[in-house]
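All heavy atoms count here, side chains included; hydrogens, waters and symmetry mates do not. For the single chain, residues carry numbers from 1 onward in sequence order.
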Amino acid sequence: MKFDIKYNKDFLIFVGTNESGKTTLSKYFIDKMPPKDVYVINSGGAKQWYNNHIPRDHIIEPPMYTEDVLNEILLKWVSNPKIQNAHVVIDDADN
């Protein structure tokens, strides 16, 4: 399959049961993006995020998952003038 992703315009949400392939599918999409632009909130602690091209400092495992923590992380990435593009993945957002 070939996908056309319009950066900074599209939102993708993958919903499914445990072990249905949501993280794997997410990784497929982000593997097509520039690594410096990808940021992951790894709230489920999935180890596979560390086995790819994303810089380690672009992956955060929050100590707790609250609205305040999420807002703090997003502001750090999205509002930072040094970051031109931020493609954010929230893995296991239900945590």
Would you say that Val38 contacts Trp49 through its side chain, given a criterion of any heavy-atom pair below 4.5 Å between the two side chains? no
Between Met33 and Asn85, does a side chain to side chain contact (heavy atoms under 4.5 Å, CB included) hold up when you go through it step by step? CA-CA 11 Å; Met33 298 176 183; Asn85 295 303; over 6 Å; no
Sequence neighbours excluded, the answer for side chain to side chain contact (heavy atoms under 4.5 Å, CB included) partners of Ile83 is Tyr39, Trp77, Asn80, Ala86
Listed by chain and number, what are the side chain to side chain contact (heavy atoms under 4.5 Å, CB included) partners of Pro55, not counting sequence neighbours?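 Expected list: Pro35, Asp57, His58.
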Under the 4.5 Å side-chain heavy-atom rule for ILVMFWY, direct or indirect, which residues accompany Val15? Ile13
Residue pairs meeting side chain to side chain donor-acceptor pair (under 3.5 Å), one or both in residues 12-24, sequence neighbours left out, come to Thr23-Asp91
Would Val88 and Ile73 count as a side chain to side chain contact (heavy atoms under 4.5 Å, CB included) here? Give the steps. CA-CA 10 Å; Val88 178; Ile73 294 168; over 6 Å; no
Locate the shortest heavy-atom distance separating Pro62 from Ile41; write the atom from each residue and the value. CG-CG2, 3.9 Å
Taking all atoms of both residues into account, what is the closest heavy-atom pair of His53 and Ile30, and its distance?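 Here His53 and Ile30 meet closest at NE2-O, 3.5 Å.
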Take a 6.0 Å sphere around CD of Glu61 and say whether it holds more than 12 heavy atoms from other residues, nucleotides or ligands.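 Check passes, neighbour count above 12.
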Once ring-ring contact (aromatic ring centres under 6.0 Å, His included) is applied, do any residues pair with Tyr50, and if so which ones, sequence neighbours excluded?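 So Tyr50 forms no ring-ring contact (aromatic ring centres under 6.0 Å, His included) with any residue.
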Give the cluster check for Val89 versus Leu75: same hydrophobic cluster or not, with ILVMFWY residues linked at side-chain heavy-atom distances below 4.5 Å.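 Different hydrophobic clusters.
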Are Phe29 and Phe14 close enough that their ring centres sit under 6.0 Å apart?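 Ring-ring flag for Phe29/Phe14: true, centres closer than 6.0 Å.
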